[in-house]
Protein chains: 2
Amino acid sequence: MTTTTHGVTQEQGAAAPRCPGPPSAMLDGPVSHAVSKVARLHRIVAGRLLRELGLHPGQEFLMMHLWDNGPVRQSELIKTVGLDPSTVTKMLQRLEQAGHVRRCPDPADRRASLVEATETSCGLLQQVREAWAELERRTLTGLDEAESAELLRLLRKVEGALCTEAATDPTCRTDPDPG
Amino acid sequence: MTTTTHGVTQEQGAAAPRCPGPPSAMLDGPVSHAVSKVARLHRIVAGRLLRELGLHPGQEFLMMHLWDNGPVRQSELIKTVGLDPSTVTKMLQRLEQAGHVRRCPDPADRRASLVEATETSCGLLQQVREAWAELERRTLTGLDEAESAELLRLLRKVEGALCTEAATDPTCRTDPDPG
DNA sequence: ACCCATTCATTGGCCGACCAAGTTAAAATC
DNA sequence: GATTTTAACTTGGTCGGCCAATGAATGGGT
């Protein structure tokens, strides 16, 4: 076994590094690496939970804001969620087509449009809330109260750092947490 | 106040909630919310740093693994990065077209293919490492050593939880960290 | 030998998300 | 009041990422 005729004499398991000796590229940023992984897994789990509700991950944020705040100017929505305007436009188009959202031109400003959650979409509110509670539960499996609180604190801190960091242009919305 | 006849009687600032009284949907999952936000910001910052190198966020992982481990079966690569096979296929197609990666059929298994980083791509290694170090630095701005370590520990724990959680099918690769 | 289940990789479709340009309308300036 | 600037979307393009389904080769049963 091993000695593949390709010229690559693979010992078992230990493949030959392609480039000079720096050990593992991951070691440069362990936290960044962890963040990326957690982010992906978190999104997958969220996606699975939301799929049953007919929502795609990311759309919850928009809907939540609409449910909470009622009719809103699209620009305001964009500011609060902090996403790219084009992203929000396309998401709203799909949400509108799905019947979860209604849009009408703002009479006070002919270029703006007002967005609101449809009546039927309100049935989703409770389910989405439950899905998020479940997501939170699964996310924090294995963490006790103190650890959860500490994690939240640290994430908020990182969020702040990255926010001011990434805030060259994009509006960075750190929601003032009332708690 | 603000009896919204649906004619949008907007008092200033305080928009009328569209749906019954549950306060803020975000309160259901503060940590999940924080994770999502941090994830997005982190990705943006990473994207900006990698853009200068001609890489798109997410591609680093593939390249890092290739740099570290040399020629690898695509299936193995898929397992280690934990992404969807189709995702890896498309990323590799683009990386190949960009000249960062080379692929050849595995002589030992005619359906598999071997992937390796090109010689020229090795010039990127150092830059990518630096970019990730910078990303890590910016991520951890405002956190001291102890906090960083704790954050890492908690993230790893969450990763494990979400991993077993999301591991209905997808191979969940939690790299055994040697340190 | 044959069939069947696995595995490997790809394609197509869709969505979130970015950027870059472009369009229209409102504000600001002159 | 006419011109410039700024704001509010929209469109087109590209990528990462998922799922679902397909094609092709391997391997295990019997």
Side-chain angles (χ1 to χ4, degrees), chain A residues 36-37 39-52 54-63 72-79 81-98 103-115 166 168-171, chain B residues 36-37 39-52 54-63 72-79 81-98 103-115 166 168-171:
Chain A
S36 300
K37 277 192 158 181
R40 212 179 53 79
L41 292 172
H42 186 266
R43 192 180 183 86
I44 288 179
V45 174
R48 295 236 234 267
L49 287 172
L50 289 173
R51 173 172 300 273
E52 308 166 9
L55 281 183
H56 298 269
Q59 297 182 334
E60 338 86 85
F61 291 84
L62 256 53
M63 294 308 300
V72 160
R73 239 173 214 75
Q74 187 167 326
S75 64
E76 185 59 29
L77 192 57
I78 290 172
K79 256 200 319 183
V81 297
L83 296 174
D84 192 271
S86 63
T87 299
V88 174
T89 292
K90 290 167 187 171
M91 285 176 69
L92 285 179
Q93 288 172 345
R94 286 160 186 151
L95 284 172
E96 186 175 24
Q97 189 178 2
R103 292 154 82 199
C104 55
D106 185 344
D109 188 337
R110 268 190 298 175
R111 56 201 164 141
S113 54
L114 295 174
V115 189
T168 27
D169 178 31
T171 311
Chain B
S36 300
K37 278 192 158 181
R40 211 177 56 78
L41 292 172
H42 186 265
R43 191 181 183 84
I44 288 179
V45 173
R48 294 235 233 266
L49 288 171
L50 290 173
R51 174 172 300 271
E52 308 165 10
L55 282 182
H56 297 269
Q59 297 182 333
E60 338 86 84
F61 291 85
L62 257 52
M63 294 309 299
V72 159
R73 238 173 215 73
Q74 187 167 325
S75 64
E76 183 60 28
L77 191 57
I78 289 171
K79 257 200 317 184
V81 297
L83 294 175
D84 191 90
S86 62
T87 299
V88 174
T89 293
K90 290 168 187 172
M91 283 176 72
L92 286 178
Q93 289 173 344
R94 286 160 186 151
L95 284 172
E96 187 175 23
Q97 189 178 1
R103 292 155 81 200
C104 55
D106 185 344
D109 188 338
R110 267 190 297 177
R111 42 195 179 148
S113 56
L114 296 173
V115 189
T168 25
D169 177 31
T171 310

For [N] and [X] - does any side-chain N or O of the residue sit under 4.0 Å from the phosphate oxygens OP1/OP2?
| X | N | result |
| --- | --- | --- |
| B:R73 | C:dT7 | no |
| B:R110 | D:dA24 | no |
| A:R48 | D:dC19 | yes |
| B:Q93 | C:dT11 | yes |
| A:R103 | D:dT10 | yes |
| B:T89 | C:dA9 | no |

Round to the nearest Å and state the distance from [X] atom [atom1] to [N] atom [atom2].
| X | N | atom1 | atom2 | result |
| --- | --- | --- | --- | --- |
| B:H42 | C:dA17 | NE2 | C1' | 17 Å |
| A:L92 | D:dT10 | CG | C1' | 12 Å |
| A:E96 | D:dC9 | CD | P | 13 Å |
| A:I78 | D:dA7 | CD1 | C1' | 11 Å |
| A:D106 | D:dA7 | CG | C1' | 13 Å |
| B:L62 | D:dG17 | CG | P | 9 Å |
| A:L49 | D:dC18 | CG | C1' | 15 Å |
| A:R111 | D:dA7 | CZ | P | 9 Å |

Hey, which sits more toward the 5' end of DNA chain C by its nearest nucleotide, A:D84 or A:A108?
->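 Closer to the 5' end of DNA chain C: A:D84.
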
Map A:D109 and B:S113 onto DNA chain C by nearest heavy atom, then report which one ends up closer to the 5' terminus.
->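 Looking at DNA chain C, the more 5' nearest nucleotide goes with B:S113.
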
Enumerate the protein-to-nucleotides 13-16 of chain C contacts in which both atoms are nitrogen or oxygen and the separation is below 3.5 Å.
from   : atom 1 : to    : atom 2 : distance (Å)
C:dG13 : O6     : B:K90 : NZ     : 2.7
C:dG16 : OP1    : A:Q59 : NE2    : 2.5
C:dG16 : OP2    : A:R94 : NH1    : 2.9
C:dG16 : O3'    : A:R43 : NH2    : 3.0

Show the nearest heavy-atom pair for residues [X] and [Y], with the distance to one decimal.
| X | Y | answer |
| --- | --- | --- |
| B:M91 | B:G58 | CE-O, 3.4 Å |
| B:S36 | A:H42 | OG-CE1, 3.8 Å |
| B:A108 | B:D106 | N-OD1, 2.8 Å |
| A:L62 | A:L95 | CD2-CD1, 4.1 Å |

If you define the side chain from C-beta out and look only at heavy atoms, does anything of [X] sit under 4.5 Å from [Y]?
| X | Y | result |
| --- | --- | --- |
| A:D84 | A:T89 | no |
| B:L114 | B:R73 | yes |
| A:L50 | A:E60 | yes |

Pick base, sugar-phosphate or nothing for A:S75, based on heavy-atom distances below 4.0 Å to the nucleic acid.
->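 The residue A:S75 makes sugar-phosphate contact but no base contact.
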
